[in-house]
Amino acid sequence: MIDSSLKDIAAALRAKTVSAVELATDSLARIEAGNPKVNAFITVDREGALAAAQAADARLAAGSAAPLTGIPMAHKDVFCTEGVLTTCGSKMLSNFTSPYDAHVVSLLKAAGAVMVGKTNMDEFAMGSSNENSHFGPTRNPWNTDTVPGGSSGGSAAAVAARLVPIATGTDTGGSIRQPASLCGITGIKPTYGTVSRYGMIAYASSLDQGGAFGYSAEDCALLLSAMAGHDPRDSTSLERAAEDYTSALDKPLAGLRVGLPKEFFAEGMSDDVRAAVDAAIAEYRKLGASIVEVSLPNARLAIPAYYVIAPAEASSNLSRFDGVRYGHRAAEYTDLMDMYCKSRAQGFGAEVKRRILMGTYVLSHGYYDAYYIKAQKLRRLIANDFQAAFAQCDLIAGPVSPTVAFGIGEKSDDPVQMYLSDIYTIAVNLAGLPALSHPAGFGAGGLPVGLQLIGNYFGEARLLGAAHQFQRATDWHTRKPAGF
Ligand code: GLN
């Protein structure tokens with residue numbers, strides 16, 4: 001049942017052909033069998049899951065269930081969970097049990113979803129392969145010698161391996177879309193400000209945005225509807241009325257204008273990814289969409305701009321990890337300064353240190369104007385390009401990742417190659433736009449390829465609707481990796 005659609009699981013719960021406790025038990029058994037192969041979970045909360053499942057069964061019996069009541073799910077370990085270890089993939093927080101729930105966690109608890117555990121991730125969400133986790137790399141269920149993508153690779157692998165039907169993630173530069181693409185599932189990052197960042201451990205606050213993973217666009221729409229909404233505890237949370245993201249699922253594609261940015265199709269994509277992306281676009285055309293060429297002339301500047309802005313914000317956000325207020329403290333030190341230095345030197349991994357150094361540098365006197373201010377100007381140009389493109393189309397389609405999943409260890413010694421994995425996803429975060437990845441076929445080695453759909457602000461329902469129409473006509477999203 002765990003590998004069925006949320007609609008079918010919810011119907012079975014209501015028909016009493018399965019109970020929430022049975023579903024939680026099944027998910028926990030799948031994790032026990034499958035997790036040693038993929039390392040998708042940092043923490044499994046068996047007791048908490050069974051208690052939540054019992055409460056869900058009571059609610060189902062009382063007739064007061066919400067759409068997600070009784071559905072097993074997992075949270076990326078970037079979300080604070082009261083009483084449950086919250087590590088953010090770091091040694092720094094390897095002993096941190098949160099005293100409170102993130103807003104997203106409280107909303108899903110209130111909806112009756114059953115959290116079975118916390119998923120592996122790149123340390124502080126910095127990475128594109130999950131190899132930066134203090135808890136060891138997550139492996140891609142389609143080929144365990146390859147990466148699942150990052151930084152939400154644990155959530156993506158857990159869903160792809162059918163350990164849970166849905167999971168949360170966060171996307172600062174591609175961390176939902178890229179792992180969704182590499183693992184053959186659907187993942188959406190909404191408009192910046194849609195999902196509260198309260199209790200979501202900060203990496204780059206002006207870019208970080210929570211979102212949803214599932215087997216299909218329909219399942220993502222149900223999860224996102226339960227996660228989104230205004231939260232006064234996040235000053236960048238949008239004051240908009242709650243939205244039902246399933247509302248446009250049945251809208252036909254006729255009349256939809258899909259823009260293809262010529263810069264995305266010029267070079268860089270491997271041939272196998274290109275073939276799958278082209279075939280998916282042909283399917284959209286067949287379903288009634290019209291295809292127009294658009295241009296994002298400044299998109300090539302997204303990676304350099306991002307690798308100034310994101311580290312700058314990270315260097316500030318991560319200053320709170322000082323060995324006093326949270327997390328790891330060095331066992332031996334001579335004075336206060338030595339305690340800070342040793343605790344941070346021991347608690348952070350290499351990539352996090354690299355970003356703190358870069359960020360501190362670009363914010364320092366004399367370099368602030370040359371790098372930070374310049375990057376902010378590029379950010380505006382990139383956002384303007386999207387607005388010009390959306391004058392000609394309703395949504396933009398393109399690749400998610402230039403290649404299928406790469407081998408574990410293949411790029412881990414070369415940070416710049418790793419940064420280039422996000423070449424098609426990062427501009428979206430700089431502009432604050434919504435975007436999703438849905439399965440579009442398979443490439444080299446039989447590994448999944450995703451198609452990216454980018455919408456204008458608040459275009460989530462339309463994006464999910466388009467992907468749903470595609471998924472009604474195709475079966476890529478129903479394919480499962482062997483052995484799970
Ligand atoms: N790979 C990008 C980075 O390392 C994006 C990560 C993310 O979206 N959290 O920063």
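Both backbone and side-chain heavy atoms feed into the values below; hydrogens, waters and symmetry mates do not. Just follow the structure's listing: the first ligand is 1, and inside any ligand the first atom is 1.
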Self-check item: Residue pairs involving residues 296-324 (criterion ring-ring contact (aromatic ring centres under 6.0 Å, His included); sequence neighbours excluded)
Solution: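 The answer is Phe124-Phe321, Tyr307-Tyr419, Phe321-Tyr326.
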Practice problem: For the pair Asp322 and Arg344, find out whether any cationic side-chain nitrogen is under 4.0 Å from an anionic carboxylate oxygen. | Solution: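 No salt bridge links Asp322 with Arg344.
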Quiz item: Do Asp208 and Arg197 meet the salt-bridge criterion of a basic N to acidic O distance under 4.0 Å?
Solution: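 Between Asp208 and Arg197 there is no salt bridge, as every charged N stays at least 4.0 Å from the carboxylate O atoms.
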Quiz item: Which residues pass the salt bridge (Lys or Arg N to Asp or Glu O under 4.0 Å) test with Asp77, sequence neighbours left out?
Solution: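 Partners of Asp77 under the salt bridge (Lys or Arg N to Asp or Glu O under 4.0 Å) test: Lys118.
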Practice problem: State which residues pass salt bridge (Lys or Arg N to Asp or Glu O under 4.0 Å) with Asp231; sequence neighbours excluded, sorted by chain then number. | Solution: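 By the salt bridge (Lys or Arg N to Asp or Glu O under 4.0 Å) rule, Asp231 matches Arg233.
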Quiz prompt | Proximal protein residues to ligand 1, non-hydrogen atoms under 4.0 angstrom | solution =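 For ligand 1, the contacting residues are Ala125, Met126, Gly127, Ser128, Ser151, Asp171, Thr172, Gly173, Gly174, Ser175, Tyr203, Tyr306, Tyr307, Arg355, Asp422.
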Quiz item: Does the ring of Tyr424 carry Arg177 above it, NZ/CZ under 6.0 angstrom from centre and within 45° of its axis?
Solution: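 No, Arg177 does not lie over the aromatic ring of Tyr424.
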